[in-house]
Amino acid sequence: MNTIFKQQLKAYALWKQHLLDSIKNYQDWLTRHQHYDPVIIDSIENMRLDLQNNKITLAFTAEFSRGKTELINAMFFGETGNRLLPSTPGRTTMCPTEVFHDHDNDSYLRLLPIETRLIDKPLTEYKNSPHEWHRIELDFTSPKQMQEAFKQLVAVKHVSADEAKKLGLYHCLDGKQIDDESIEIPCWRHAEISYPHPLLKDGLVILDTPGLNALGAEPELTLNMLPNAQAIIFVLAADTGVTKSDYQLWEHYIKKHTENNQKGVAVAMNKIDTLWDDLGDDEEVEISIQNQLTSVADTLGLDKQRVFPVSAKQGLIAKVKSNIDLLEKSRIAPLEHYLSNELLEQRQQILLQNISRELDYFVDESFLIVSSHIDHLRKQLADLRPEKAATLESVSDLLGDARMEQKQYVSNVESFQLSRTKFSKQAQLLLSSLHPNKAEEVIKKTQIQMTESLTTVGMKSVMKELFADLDAILIEAVTTTEQTRQLVKGIYRNFARHGLENLVPILFSITKYQIALERLFKDAEAFRNSPLMTFTEQNRVIHKLYATIVSEATKLLKQAYTDARIWATIALGPLERQIKAQKIQLEDRIKMLNEIKVSSAKIGGKIQQLDEQLAASIQQHEELILVKQEILAAVKAAKPNLNDSSSNRGDAETVDNTETTKDDPESTAINQCFPTAESLNHVI
Ligand SMILES: Nc1nc2c(ncn2[C@@H]2O[C@H](COP(=O)(O)OP(=O)(O)OP(=O)(O)O)[C@@H](O)[C@H]2O)c(=O)[nH]1
Ligand SMILES: [Mg+2]
């Protein structure tokens with residue numbers, strides 16, 4: 001049974017391939033015509049790889065036993081004819097599970113031991129240490145073998161209360177007094193499944209989370225994995241409605257993701273089959289579903305359009321048995337429809353915002369280079385026109401003109417070198433204001449305080465101080481960035497007066513990182529304040545929360561530093577390339593005029609040579625037009641509303657541009673046409 005989601009994801013994968021092909025076309029054009037600038041070559045290649053490896057994450061979260069795993073089985077694995085992931089009454093999934101396709105390693109299940117919670121090392125680091133995981137090879141041709149392997153996802157063991165406290169898992173017991181030796185904890189902290197399912201191959205990643213306070217016990221889920229997912233499905237059960245613990249989860253972890261349309265959040269009101277009444281008529285059932293739906297939407301403060309009544313169980317049965325009527329009754333399709341629209345549109349939009357602008361920037365520069373070469377050849381041909389080159393005198397005049405131009409060029413070069421020196425000093429200031437050592441010092445300082453304060457209250461003041469100190473680093477960088485931006489704009493303005501008027505600088509801004517840092521600390525504060533944190537022994541969770549904040553904040557500041565470093569390398573690149581081209585063109589022209597001065601008999605051959613070069617350059621130009629058309633076609637092939645800039649969802653990139661709008665109308669125009677430096681974060 002071909003689902004809507006599958007069709008849409010396929011269409012998305014095709015669209016992505018179309019865009020990839022158009023990038024490849026441009027790369028081929030660059031190679032074919034020997035435009036070997038390493039900065040451009042590297043950034044285009046990185047852009048292509050990024051697009052190729054781009055993933056879409058869909059996270060399922062809820063209290064235990066609401067049917068998250070069953071919904072995943074129904075939506076994505078129905079055609080295996082099996083309940084692939086274990087779903088049973090009561091508490092089932094014991095650790096967050098990511099399902100994706102790893103192109104390099106094909107089919108496996110790998111599990112990270114729960115004991116790794118004792119070490120303050122972020123999950124992202126574990127992901128790069130395969131030896132720390134327990135690995136089971138999967139035979140994807142045998143659902144039975146996979147089902148057997150997936151039993152590990154529900155594996156538990158019994159430890160003493162002390163052991164559970166050390167691991168920060170004691171609170172899961174809701175404060176109940178339990179015999180020391182009988183505390184049940186998950187065997188694994190995290191699971192990854194790589195499986196060559198077509199949807200996963202097309203870049204889908206599914207994140208299944210365990211219920212029962214997994215979000216409260218694993219800060220990385222709350223501060224990293226959920227924020228990084230493109231869509232979240234919050235699952236409720238129609239027979240229970242919104243319980244107190246459902247509401248707490250929603251209020252503390254999910255609701256914020258519905259704000260500013262940051263990402264697609266849908267609520268699946270599952271188990272509607274429990275409302276089906278064999279004796280009552282369909283109309284009554286529909287009324288009870290609609291009542292429940294209204295009540296859920298009101299309680300959660302969410303638009304009714306985002307709440308989807310479904311029956312995961314019946315949906316799975318329908319898919320396994322290819323029962324179309326039952327599938328319709330399960331109402332899985334509208335949820336799939338909503339997701340495919342939300343999820344894929346959002347992903348496409350982000351890709352378009354970053355990639356197509358970045359591509360445009362480079363392609364436009366290529367146009368500039370080719371056009372200026374065509375102008376130059378035409379100028380040379382004009383020099384050789386009979387009325388101009390007929391006499392030795394006129395050739396001497398032309399040489400005189402060319403030498404004047406050369407003088408201008410030499411002064412351009414001198415002025416460029418001065419500007420470059422000035423810029424590198426300024427860029428050094430910017431880089432040292434963002435240097436990772438600064439963040440490390442701040443973190444070291446709070447780390448000492450952290451070991452001394454093991455309460456959530458103590459944590460509050462440590463976190464506050466950490467945020468203030470890290471924010472201070474960014475605030476300091478704002479001033480330096482502004483000075484550097486003004487300098488770059490000034491340099492470009494100066495060269496515009498000397499014949500390089502079509503060049504526009506890429507600008508760098510700090511706003512994006514400030515917003516992200518603020519969001520991280522707001523989320524961490526919400527996590528710390530959540531009622532789930534107030535249960536019993538929390539030292540380990542507090543430590544993990546601190547470690548997660550440190551890891552995420554360090555990543556963010558490092559990214560700011562790297563982006564600034566990249567920007568420092570590329571900011572004057574277009575100017576430099578044009579000045580180099582000017583040099584070659586002038587030298588060419590002087591050489592040619594000198595040759596014909598010595599022997600006017602060479603004019604005929606020279607004209608022929610220039611004609612050939614001109615034809616080749618015009619050909620290059622025409623090919624580049626096709627390359628650009630292909631890119632535009634790929635961009636246009638995205639869903640229509642994606643090309644509408646007004647559908648912007650206010651992400652950091654947009655805010656950066658808004659910021660430049662405020663301060664300078666000139667830079668607004670620049671930013672509308674060209675990428676900001678942070679979108680060019682691949683260069684070098
Ligand atoms: N009647 C009915 N039962 C369902 C439906 N979906 C799931 N269930 C049952 O509910 C129970 C829990 O389902 P799971 O998918 O394991 O729930 P979960 O949310 O993943 O739970 P945890 O993994 O413990 O967090 C299982 O017995 C399922 O068969 C449904 O649509 N209708
Ligand atoms: Mg589950």
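Given the structure is predicted, the values throughout are model-derived calculations rather than measurements. Just follow the structure's listing: the first ligand is 1, and inside any ligand the first atom is 1.
- Within the 2.8 Å limit, T69 places at least one N, O or S atom next to the Mg ion (ligand 2).
- In terms of N/O distances under 3.5 Å, ligand 1 is approached by T69.
- Which of T88, L85, T92 comes nearest to atom 12 (C) of ligand 1 through a heavy atom is settled by distance: it is T88.
- Of the residues listed (K313, K271, R83), the one engaging E70 in a side chain to side chain donor-acceptor pair (under 3.5 Å) is R83, and it is the only one.
- At least one N or O atom of R66, backbone or side chain, sits closer than 3.5 Å to an N or O atom of ligand 1.
- Side chain to side chain, D102 and S194 fail the donor-acceptor criterion of an N or O pair below 3.5 Å.
- Heavy-atom neighbours of K201 NZ from other residues, nucleotides or ligands within 6.0 Å: at or below the threshold of 12.
- Y126 carries K121 over the face of its six-membered ring, with the cationic atom under 6.0 Å from the centre and within 45° of the normal.
- When each atom of ligand 1 is checked for a heavy atom of S65 under 4.0 Å away, the hits are 11 (C), 12 (C), 17 (O), 18 (P), 19 (O), 21 (O), 22 (P), 24 (O), 25 (O).
- Residue D273 touches ligand 1 through its side chain alone, judged by heavy-atom distances below 4.0 Å.
- Put simply, CG on D208 and CG on L153 are 8.5 Å apart, with the number rounded to the nearest 0.5 Å.
- When only interatomic distances are considered, the shortest N/O to N/O separation between D208 and ligand 1 does not fall below 3.5 Å.
- In the model, H134 has no side-chain atom that pairs as donor or acceptor with a side-chain atom of Q152 under 3.5 Å.
- Not less than 6.0 angstrom separates the ring centroid of Y195 from the ring centroid of F100.
- Outside the 6.0 Å centre-distance limit, the rings of H197 and F76 are not counted as a close aromatic pair.
- Here atom 29 (O) of ligand 1 lies nearest to S87 when heavy atoms of S87, P89, A312 are compared.
- Taking a 6.0 Å sphere around CD of Q17, one finds it holds more than 12 heavy atoms contributed by other residues, nucleotides or ligands.
- Residue-ligand proximity: A62 is placed with every non-hydrogen atom at 4.0 Å or more from ligand 1.
- Within the coordination shell of the Mg ion (ligand 2), defined by N, O or S atoms under 2.8 Å, S87 is absent.
- Relative to atom 7 (C) of ligand 1, the option among E70, K68, E63 with the closest non-hydrogen atom is E70.
- Taking every non-hydrogen atom of P210 and a distance limit under 4.0 Å, the qualifying atoms of ligand 1 come out as 25 (O).
- Ligand 1 has a nitrogen or oxygen under 3.5 angstrom from a nitrogen or oxygen of K313.
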